[in-house]
There are 2 protein chains.
Amino acid sequence: MRAIIADDHPLYREAAGLRLQRQLHDLEVIEVGRLDELLALAGTEGEPIELILLDLRMPGMQGGQTIETVVEAFPETAVALVSGAAAYEDIKCAIDAGAKGFLPKTLPSKLFAGAIAVILAGGSYLPAETLQMNGKVSANPAIDDIDAGAIPDELTPRQLQILAQLASGATNKEIGRGLGIAEVTVKMHIRQILRKINARNRAEAASIATRAGLI
Amino acid sequence: MRAIIADDHPLYREAAGLRLQRQLHDLEVIEVGRLDELLALAGTEGEPIELILLDLRMPGMQGGQTIETVVEAFPETAVALVSGAAAYEDIKCAIDAGAKGFLPKTLPSKLFAGAIAVILAGGSYLPAETLQMNGKVSANPAIDDIDAGAIPDELTPRQLQILAQLASGATNKEIGRGLGIAEVTVKMHIRQILRKINARNRAEAASIATRAGLI
DNA sequence: ATGAAAACTATCCGAAGGGATAGAGGACCT
DNA sequence: AGGTCCTCTATCCCTTCGGATAGTTTTCAT
């Protein structure tokens, strides 16, 4: 059994992959970071792909039409949308386009597990909040971003390593010693990390990394 | 429906409360910090109390006998033990005393949710590791603490406020401005926080706070 | 083979963090 | 009335962080 996690940042992919594999043994998780990579997997031979977790804001995504493209490219597969924060329109649009559900990234694991189970069973999942926001239009329907602490861009392996240590309270000097590189190099990496995950400093970065499951 | 969380530090109570309420709508969570407070709730009128999450190392607790006392005081209620780290004896003792389960504080949310569901359904939950440690005696059975990143001591309300902002990436100056106090005061509070939660710096503190559910 | 990206190093600078010490006011409990 | 705890403030000192700029090397894909 296979599932695809299509999201532009590896931290979330890892976290989501872990959740899935906890729940579904014998699951092969395929991670992709861009829309074209995802579409390239359509029609692949091998075990059937049961599930696609699709980030709303992945490079290449452009709203309803794109979702429809994906749904059509994988006619046998349940496509579930995933996003950090979502406008009502986004959700409606996604369901109209054939998505089987909408999972906020903030979804607690248990609900996540339940939602996945429901979707795999052929149902569809919508967060409870959807009812309250019935028809309500957010200030900026198209881009309801900021994403409350998610990781917007790819982190390199080195950066993931360093981020993990940072979140454990290591200083730059300690990280450098541990990895056998100079402190300045660590600082350089961290500058990039802060930029990419949009954190103001290492404390916020630590929080974001922890929330994303990188412990 | 009501549940009691009996634990000596509020951060964990909050986190556990959130987890429970996410899972069980219409749940009223009662938080207590000491054993006597807990026992004072026995026989209270009102909605039935379905669940008690009981910290092994709460002020007043003294092992198996105490657990038995609690179980007898709440005959209609499922009592589940909670602890940061536990010796085999503790677990065995707790089960013998009538506890319905044992939940490590490090339990991932999903397992936590599953465990709660099992316990509420009348079953009992034991962590898988229990099997491996069958009969093995830890170096210090009574106090097997250190607690791997949990919050060992009470944080004052002010400290919780500050810790939350810290984890959001606020600088001391910003926190001070927001709370209308001087930066030095914030620094003082943070020094206390780092001591109490045993963090080396604010990055680690942010990680710990986030893991504990204080976002 | 050329170019892009990742990784590494260096120096300089101002801002922020972390620790120690010392003191003051208020709330609450006994 | 005294004690304890929380809260707030101040000064001094050194470390760590975060950023800019500039450069080398390696690796990998087109």
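All chains are named by letter (A, B, ...) in the order of the sequence lines, taking the proteins before the strands, and each is independently numbered beginning at 1.
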- Task: Would you indicate what A:Thr185 reaches in the nucleic acid, counting non-hydrogen atoms under 4.0 angstrom: base, sugar-phosphate, or nothing?
- Result: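 The residue A:Thr185 makes base contact.
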- Going from CG on B:Leu163 to CZ on B:Arg202, what distance comes out if it is rounded to the nearest 0.5 angstrom?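 Those atoms lie 10.0 Å apart.
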Using modelled atom types only, decide if a donor and an acceptor are shared between the side chain of [X] and the backbone of [Y] within a distance under 3.5 Å.
{"X": "A:Ser207", "Y": "B:Thr210", "result": "no"}
{"X": "A:Gln159", "Y": "A:Leu155", "result": "no"}
{"X": "A:Asn201", "Y": "B:Gly169", "result": "yes"}

If the cut-off is 4.0 Å, is [X] near the phosphate of [N], judged by side-chain N/O to OP1 or OP2?
{"X": "A:Thr171", "N": "D:dT15", "value": "no"}
{"X": "B:Asn172", "N": "C:dA16", "value": "no"}
{"X": "A:Thr156", "N": "C:dA7", "value": "yes"}

Separation of [X] atom [atom1] from [N] atom [atom2], in whole Å?
{"X": "A:Lys173", "N": "D:dC17", "atom1": "NZ", "atom2": "P", "answer": "9 Å"}
{"X": "A:Arg158", "N": "C:dC8", "atom1": "CZ", "atom2": "P", "answer": "4 Å"}
{"X": "A:Arg191", "N": "D:dA22", "atom1": "CZ", "atom2": "P", "answer": "13 Å"}
{"X": "B:Ile181", "N": "D:dA10", "atom1": "CD1", "atom2": "P", "answer": "12 Å"}
{"X": "B:Glu183", "N": "C:dA16", "atom1": "CD", "atom2": "P", "answer": "8 Å"}
{"X": "A:Leu166", "N": "D:dT16", "atom1": "CG", "atom2": "P", "answer": "15 Å"}
{"X": "B:Leu194", "N": "C:dG19", "atom1": "CG", "atom2": "P", "answer": "6 Å"}
{"X": "B:Gln192", "N": "C:dG17", "atom1": "CD", "atom2": "P", "answer": "17 Å"}

- Please figure out whether B:Arg200 or B:Met188 has its closest DNA chain C nucleotide nearer the 5' end.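 Whichever sits nearer the 5' end wins; that is B:Arg200.
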- Taking for each residue the nucleotide of DNA chain D bearing the nearest heavy atom, is the 5' side occupied by B:Lys187 or by B:Ile162?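 Whichever sits nearer the 5' end wins; that is B:Ile162.
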- Query: Among B:Ile5, B:Ile52, B:Leu53, which residue meets the side chain to side chain contact (heavy atoms under 4.5 Å, CB included) test with B:Val82?
  - Reply: B:Leu53
